[in-house]
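These notes are about the structure you will find just below.
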Protein chains: 2
Amino acid sequence: MSRPTIAGVARAAGVSVASVSRVLNGLPATEEMVERVQRAVDELGYVPDARARSLKVGRTFQLTLAVADVGNPVYVTMMRAVEEVVSAAGYRLVVTTTGPDVVDEVALVRGMARGYADGLLISPIRVDEDLVKSIRECEVPVVVAGNVPAKAGVDTVRANSPKGMLLAVDHLVAKGRRRIAFLNGPADTVPGAARSKGFAEALKAHELQPAAVAEATDFTFAAGRAAAPDLLAAGGLAGSRSHRRRGGDEPAPTTIRPTGGAFDAVICANDLLAVGVMHELAAAGLEVPADVAVVGMDDSELAEQSFPPLTSVNLGSAERGRRAAELLLARIEDNDRTPRRIVVQPSLSIRRSTP
Amino acid sequence: MSRPTIAGVARAAGVSVASVSRVLNGLPATEEMVERVQRAVDELGYVPDARARSLKVGRTFQLTLAVADVGNPVYVTMMRAVEEVVSAAGYRLVVTTTGPDVVDEVALVRGMARGYADGLLISPIRVDEDLVKSIRECEVPVVVAGNVPAKAGVDTVRANSPKGMLLAVDHLVAKGRRRIAFLNGPADTVPGAARSKGFAEALKAHELQPAAVAEATDFTFAAGRAAAPDLLAAGGLAGSRSHRRRGGDEPAPTTIRPTGGAFDAVICANDLLAVGVMHELAAAGLEVPADVAVVGMDDSELAEQSFPPLTSVNLGSAERGRRAAELLLARIEDNDRTPRRIVVQPSLSIRRSTP
DNA sequence: ATCGTTCTTGTAATCGTTTACAGACCAGAC
DNA sequence: GTCTGGTCTGTAAACGATTACAAGAACGAT
C-alpha cells in the first residue's frame with residue numbers, strides 16, 4: 001500500500017482536503033476540526049509531500065552548499081557555521097560536491113534552475129567568465145564565499161588573504177626569521193592567486209626577498225608532500241639530513257641570503273599543504289620549528305591536530321560561513337537588495353610550529 | 001520575467017507541450033520537430049523543473065547520504081566512494097548531517113517520506129528501537145552503513161571490528177608489546193560497543209589482560225585529548241615526564257603486569273581519538289612508538305597526515321561506501337529483493353606509530 | 001422574521017511536468 | 001476509391017499539495 005496523500009487523510013477524517021491543508025498549516029479552524037484531522041494524520045502516518053508542496057508554493061525550504069573538496073578540513077568549519085544559521089532559520093542544508101573543474105561548478109549553478117533549492121552557497125575554487133555568467137543568470141539567489149568580480153553583481157563574503165599573509169610574515173620576522181619560503185597551491189585558482197600576491201606584498205613590506213617559492217598541483221596533503229622536494233631544492237635544503245641543529249629559541253642568524261638561499265620558515269597556502277611539508281621536512285631531518293618554522297592558512301581543525309600543532313592564519317572560515325548564510329537568507333527575503341561584498345578580517349593562531 | 005515553463009517553449013516553437021516533453025525525453029519525433037523544439041529551448045534557456053517532473057514520475061534521481069559528524073575524516077573516504085558509484089548511475093548525491101542524537105536520525109528517516117530523494121544511505125552512530133522502526137517503515141529504500149539488528153529487515157554493510165581489533169593486537173604482540181591499553185569512544189554507540197567487545201576478545205585470544213581502558217565522550221580529537229589523562233593515570237603513566245626511554249627497536253620487557261600497570265601500546269577506537277592521545281603522550285614526555293605504540297581505527301586520511309603517521313585498522317570505509325551505494329541502487333531497482341547483510345573485511349595499515 | 005456580519009468549510013483552479021488516449025495524416029494494398 | 005495499419009502530434013488527465021473564491025452556518029441587531 002502506497003503512502004497516504006492529503007486526499008486520503010481528508011477521506012479518513014470526513015472533511016475536505018482544504019481543511020486538512022489548513023489545519024496542517026496552522027490556519028484558523030475549529031477545535032473539533034483540528035482534532036479530527038490530527039487523528040486521521042496520526043492514524044495514517046501521513047507526511048506531506050515536499051515536492052508537491054514546493055511546486056505550489058514555489059519554495060523548497062532547502063539550501064544548497066557546494067564545496068569543491070570534502071577532504072579539505074576548512075570546509076567542515078564553514079559547513080558547521082552555515083548549518084547553524086540556516087537551520088535556525090528553518091531551512092534544511094544539503095551539501096553537494098563539485099570537482100576541481102570549473103565546468104562542474106557551472107553545471108551545478110545552471111542546474112539550480114531545476115528548483116532543487118531556494119538558494120545556493122558556493123565556494124568556487126576557479127572562476128571564469130562562464131561561471132560568472134551562470135551565477136548572474138541563476139534563477140535562485142546565490143552567494144559566493146570567495147572572490148568573484150564585482151561586476152558579477154552577487155553577494156560575496158571573502159577572506160583577506162594579503163592581510164593574513166602579512167600577519168604570518170610579521171610573526172615570523174618578529175621571531176627572527178628572514179629567509180621565508182612559500183608553498184602555494186595552483187596559481188590559477190582564486191585562493192592561489194590571492195595568496196601569491198599577498199605573499200609578495202608582505203615580503204616587500206618587510207623589504208625581504210622570497211627564499212624559495214613552489215606551487216603544488218592541488219590544495220591537498222599529497223600535493224604538499226609532492227611539492228616539498230622542489231621547495232627544499234630551491235632552498236638548498238634538499239636531502240640535508242645532516243643539517244646543523246640550532247637551539248630552539250636562539251634567533252636565526254641575521255645574514256639575509258636573498259632568493260635561492262636556505263630558508264628558515266615556510267608559509268603554506270593552506271593547512272593541508274603545510275602538514276604535507278612538515279612530513280617532508282621531518283623526512284629530510286629538519287626540525288620544526290627549530291630549523292624551519294611552518295605556517296599554514298585556514299586554521300582548520302587539522303591545524304590543531306597536526307604535530308607539532310600548526311601556527312595558522314585564521315581566515316575566518318566560520319565567520320565567512322555564518323555571514324554568507326546570513327546574506328543568502330537576506331537575499332531570499334528580498335531579491336532586490338543591492339549586493340554586498342563582505343570582507344572578513346584574518347587573525348593568527350600561533351601554535352608550536354613557529355618559535 | 002520569470003523562468004520559462006514547458007508551455008512557454010511549446011508556444012515559442014509552435015507545437016504542443018506533449019511534443020516538447022517528448023523530444024526532451026528522447027522519444028521518437030520527426031527531425032523537424034526536434035529541431036524546432038531545440039531552438040526554442042536554447043533561445044529561452046529553458047530548464048525543466050525537477051520538482052514538477054519528480055512529482056509526476058515519482059522519482060527525484062537524488063540520493064541522500066546522512067553522516068553524523070562531518071568533522072570525522074572517515075566520512076570523506078566513504079563519501080567519495082558513494083559519490084562515485086551513484087553519479088555513475090545517473091543520480092545526484094546530497095549529503096546532510098545529523099547530530100550525534102538518535103532523535104535527529106529518526107527525524108531524518110521519517111522526513112524522507114516527504115520525497116526529498118529516492119533513497120537514503122545512513123551511517124547511524126547510535127541505534128534504538130525508534131530508529132529501527134523508522135527505517136523499517138521508511139517510504140524510500142534505506143541502506144545502513146553500520147550494524148543494525150537483522151530483524152530491521154534492511155540492507156546493511158558493516159565493518160568487522162572484532163577482526164580488525166585482532167589484527168591490531170596481533171601486530172602489537174608481534175612487536176613485543178604486551179601491556180595494551182584501549183581508548184574507546186562512547187560505549188553506548190554502535191561502533192563503541194563493537195570495538196569494546198572486539199578489544200576484549202582480541203586480548204583474550206592472546207591471553208592478555210587489558211593494561212588500561214578509558215572511554216572518551218565522543219569520537220573526536222578533543223574528546224581523545226580529554227580522555228588521555230585518565231588513560232595515563234590508569235596506566236600509571238600520568239605526568240611521567242621522566243619516563244625511562246628505551247631504544248627504538250628493543251622489545252619491551254616481557255614481565256606482564258596485568259591491569260593497572262604501565263602500558264606500552266594503546267589502541268584507539270578511531271583515528272581522531274588516536275591523534276588526540278598522541279598529542280597528550282607527547283605532552284607527557286612519552287615517545288611514539290618507542291615508549292608507547294599507538295594504533296588507530298578507520299585508516300582515514302588523517303592517519304597518513306598525522307605525525308608520526310598512524311598505524312590504523314582499515315575497516316574498509318571506501319569499500320563499505322561502494323557496496324552500500326550498490327545495494328541502494330539495487331534496491332531502488334527492485335524493492336522486493338531480500339535484504340543483504342554485507343560484512344567488509346579489515347586490514348591493517350602499518351605506519352610509524354608502531355614499531 | 002429579516003438582514004447583514006463573521007466565521008468556518010468545501011469546490012475547484014493552479015503549480016509544471018508526463019503520458020494515456022484519440023485524432024490526423026499518409027502510404028500501400030485491395 | 002476505400003480500407004488498413006502505422007506514424008506522429010495534440011488534448012487533457014493525472015501527480016499532491018495550496019489557496020482564491022463561494023457557499024453555508026451561526027448569531028446578534030433591527
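What you see is a predicted model, and the numbers here were worked out from it, not measured in a lab. Chain naming here is simple, since letters A, B, ... match the order of the sequence lines and numbering starts at 1 in each.
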What integer distance in Å separates [X]:[atom1] from [N]:[atom2]?
X	N	atom1	atom2	answer
A:R11	D:dA17	CZ	C1'	15 Å
B:L27	C:dA20	CG	P	10 Å
B:E32	C:dC26	CD	P	13 Å
A:R36	C:dG10	CZ	C1'	13 Å

Could you tell me whether a side-chain N or O of [X] sits under 3.5 Å from a main-chain N or O of [Y], the two making a donor and an acceptor?
X	Y	answer
B:R331	B:R337	yes
B:Q62	B:Y116	yes
B:R3	A:E139	no
A:N25	A:L27	no
B:R320	B:V157	no
A:R126	A:P100	yes

Enumerate the protein-to-nucleotides 13-16 of chain D contacts in which both atoms are nitrogen or oxygen and the separation is below 3.5 Å.
residue : atom : partner : partner atom : Å
D:dG16  : N2   : A:A52   : O            : 3.4

Assess whether a salt bridge exists between [X] and [Y], defined as any Lys/Arg side-chain N lying under 4.0 Å from an Asp/Glu carboxylate O.
X	Y	result
A:K151	A:E129	yes
A:R340	A:E326	no
B:R80	B:E84	no

Specify the angle, to 10°, made by the local axes at the two ends of the helix from C:dA1-D:dT30 to C:dC30-D:dG1 when five pairs are taken at each end.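 Taking five pairs per end, the axes differ by 70°.
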With a 4.5 Å heavy-atom cut-off, do B:V82 and B:L63 have their side chains touching?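 When only atoms from C-beta onward are counted, B:L63 and B:V82 do not touch, as no gap falls below 4.5 Å.
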Measure all distances between protein nitrogen or oxygen atoms and nitrogen or oxygen atoms of nucleotides 5-10 of chain D, and list the pairs falling under 3.5 Å.
residue : atom : partner : partner atom : Å
D:dT9   : OP1  : B:T30   : OG1          : 2.9
D:dG10  : OP2  : B:S16   : N            : 3.0
D:dG10  : OP2  : B:S16   : OG           : 3.1
D:dG10  : OP2  : B:S19   : OG           : 2.6
D:dG10  : N7   : B:R22   : NH2          : 2.8
D:dG10  : O6   : B:R22   : NH1          : 3.2

